[in-house]
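Note that the structure is a prediction, hence the values are computed from the model and not measured. Chain naming here is simple, since letters A, B, ... match the order of the sequence lines and numbering starts at 1 in each.
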Protein chains: 2
Amino acid sequence: MNETLQQPKTKRQRAILSLIAARPVHSQDELAGMLEQQGYEVTQATVSRDIKELGLLKVPLKGGSGGAFKYVEPSVGPAFTSRLHRVVAEVMIQARSSMNQIVLRTHPGTAMMLAAAIDGANWPEILGTIGGDDTVLVIVEAPGKTTMIKQRFEDMRGEQ
Amino acid sequence: MNETLQQPKTKRQRAILSLIAARPVHSQDELAGMLEQQGYEVTQATVSRDIKELGLLKVPLKGGSGGAFKYVEPSVGPAFTSRLHRVVAEVMIQARSSMNQIVLRTHPGTAMMLAAAIDGANWPEILGTIGGDDTVLVIVEAPGKTTMIKQRFEDMRGEQ
DNA sequence: ACACGAAATGTATAATTATGCAACAGCTCC
DNA sequence: GGAGCTGTTGCATAATTATACATTTCGTGT
């Protein structure tokens with residue numbers, strides 16, 4: 001029991017990560033209860049602080065099983081967005097356009113991945129893409145739509 | 001004003017995405033007030049529902065400016081995890097090992113990206129990597145550590 | 001026109017989360 | 001030893017978010 005009373009914070013936070021990975025945890029009270037079962041003496045207030053420190057996210061469940069939300073690690077958050085969105089956010093450096101062409105610059109060795117993601121998105125305004133090492137050429141169906149398409153890519157990259 | 005009364009949900013949700021991208025929004029009440037300024041008649045209850053539908057995330061601010069949290073789109077999550085973690089989650093399909101070698105299978109055209117991310121992580125147990133089109137060969141410093149390293153990759157990929 | 005069902009929304013409030021404040025523990029310095 | 005500082009935690013509750021229920025709106029069929 002002295003071991004329980006002297007439990008360091010780091011160990012408790014690691015236990016939290018294990019718990020939320022093992023099964024859905026719907027509320028901080030629930031999580032506090034689970035920690036109690038593992039021998040940690042802890043309240044909802046401390047769990048709230050842990051969750052904030054760990055950067056855990058409360059995400060909506062898609063099926064409505066039990067509670068309507070669960071806690072996840074930050075890395076699980078992106079799974080809720082489209083593949084193209086994730087890839088753009090990860091590899092795209094710059095987007096420039098002229099007439100009906102958009103040139104996307106990427107980190108070295110990642111252009112093919114972005115080109116594939118763009119193809120997979122099946123945007124009707126895009127005729128096709130050519131990917132090299134760090135550059136993707138996107139052909140837009142008409143010059144009038146180029147700026148809008150470029151803006152979409154920039155929106156997906158988000159603020160830096 | 002009739003236009004305000006007949007505002008469709010989709011348009012309001014798009015406005016929400018623009019608002020949270022433009023500056024930090026700390027609470028649903030704050031967001032409801034901002035929407036009111038744009039002519040949407042809406043309450044916190046509806047905003048809560050919108051946020052759930054859009055899958056927006058409430059993330060902790062790192063600086064403590066104003067409120068301690070803000071709302072973001074799921075794609076903004078990547079900033080919270082390491083590059084290797086994100087790349088593994090995005091491209092790695094399988095990890096297998098033998099003696100001091102780990103073979104990682106990836107989506108086509110993405111192996112170089114993963115190899116670069118592994119190199120960038122500078123794990124002391126890894127001597128080096130060789131990346132091809134859809135396969136990365138990882139050389140571990142000793143066979144005794146191969147399983148543990150492989151497990152790390154699998155942990156980062158997470159449940160599928 | 002009316003009836004019906006589904007979707008959307010507000011009101012009120014239950015449920016959940018965050019935090020101010022005080023207390024305690026641990027560490028360093030004199 | 002004591003003083004001072006920092007970090008951690010619980011208590012109590014303020015703040016925030018989610019939701020039950022009722023109402024309204026919209027779309028479809030007769």
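Taking atom CG of B:Leu35 as the reference point, atom P of C:dT9 lies 11 Å away to the nearest angstrom. If you measure from atom CZ of B:Phe69 to atom C1' of D:dT17, you get 13 Å, rounded to the nearest angstrom. Rounded to whole angstrom, the span from the NE2 atom of A:His26 across to the C1' atom of C:dT17 amounts to 17 Å. In this entry the distance linking NZ of B:Lys58 with C1' of D:dA18 reads 12 Å, nearest Å. The distance between atom CD1 of A:Ile51 and atom P of C:dT19, rounded to the nearest whole Å, is 13 Å. When the P atom of C:dG10 is taken as reference, atom OH of B:Tyr40 falls 14 Å away, rounded to whole Å. The separation between B:Asp50 atom CG and C:dG10 atom P is 10 Å, rounded to whole Å. We find that NZ of B:Lys11 is positioned 17 Å from P of C:dA8, with the value rounded to whole Å.
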For nucleotides 11-14 of chain C, give me every protein contact, N/O to N/O, under 3.5 Å, one pair per line with atom names.
none

Within the sub-3.5 Å range, which N or O atoms of nucleotides 6-8 of chain D have a protein N or O partner, and how far apart are they?
unit_1: D:dT8; atom_1: OP1; unit_2: A:Lys9; atom_2: NZ; d: 3.0
unit_1: D:dT8; atom_1: OP2; unit_2: A:Lys9; atom_2: NZ; d: 3.3

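Using a 4.5 Å heavy-atom cutoff, the side chains of B:Gln38 and B:Arg12 are not in contact. You'll find the side chain of B:Gln101 stays beyond 4.5 Å of the side chain of B:Arg96, heavy atoms only.
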Practice prompt. Give the C-alpha distance, both sets of side-chain angles, the deciding distance and a yes or no for side-chain contact (heavy atoms from CB on, under 4.5 Å) between A:Glu154 and A:Lys150.
Written response: CA-CA 6 Å; A:Glu154 287 173 335; A:Lys150 183 179 73 133; 3.9 Å; yes

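Counting side-chain heavy-atom gaps under 4.5 Å among Ile, Leu, Val, Met, Phe, Trp and Tyr, B:Met99 is found in no cluster with other residues. Side-chain contacts under 4.5 Å among hydrophobic residues (ILVMFWY), followed directly or transitively, place A:Met112 with no other residue at all.
With sequence neighbours excluded, no residue forms a salt bridge (charged side-chain N to carboxylate O under 4.0 Å, His left out) with B:Glu36. Residues meeting the side chain to side chain contact (heavy atoms under 4.5 Å, CB included) test with A:Pro108, sequence neighbours left out: A:Asp133. For A:Thr146, the side chain to side chain contact (heavy atoms under 4.5 Å, CB included) partners two or more places apart in sequence, or in a different chain, are A:Ser97, A:Asn100, A:Ile102, A:Val140. For the side chain to side chain contact (heavy atoms under 4.5 Å, CB included) test, residues two or more places apart in sequence or in another chain that qualify with A:Gln13 are A:Lys9, A:Asp50, A:Glu53, A:Leu54. In this structure, the side chain to side chain contact (heavy atoms under 4.5 Å, CB included) partners of A:Thr129, at least two apart in sequence or on a different chain, are A:Ala115, A:Ile118, A:Asp119, A:Ile126, A:Val136, A:Val138.
Among residues at least two apart or in separate chains, ring pair (Phe, Tyr, Trp, His ring centres under 6.0 Å) pairs with a member in residues 121-149 of chain B are B:Trp123-B:Phe153.
Of the possible donor and acceptor atoms, one in the side chain of B:Glu30 sits under 3.5 Å from a partner among the backbone N and O of B:His26. Although no hydrogens or angles enter the test, the distance criterion places no donor-acceptor pair under 3.5 Å between the side chain of A:Thr135 and the main chain of A:Gly132.
The bend of the helix from C:dA1-D:dT30 to C:dC30-D:dG1, defined by the angle between the axes of its first five and last five pairs, stands at 30° to the nearest 10°.
Note that OG1 of A:Thr46 and CD1 of A:Ile51 are 11.0 Å apart. Values are rounded to the nearest 0.5 Å.
At C:dT17, none of the side-chain N or O atoms of A:Ser48 fall inside 4.0 Å of OP1 or OP2 (strictly under the cut-off).
Residue contacts shown for B:Val47 are absent, as no nucleic acid heavy atom lies under 4.0 Å away.
Residues from residues 27-34 of chain B that place a heavy atom under 4.0 Å from any atom of DNA chain D, listed by number: B:Ser27, B:Gln28.
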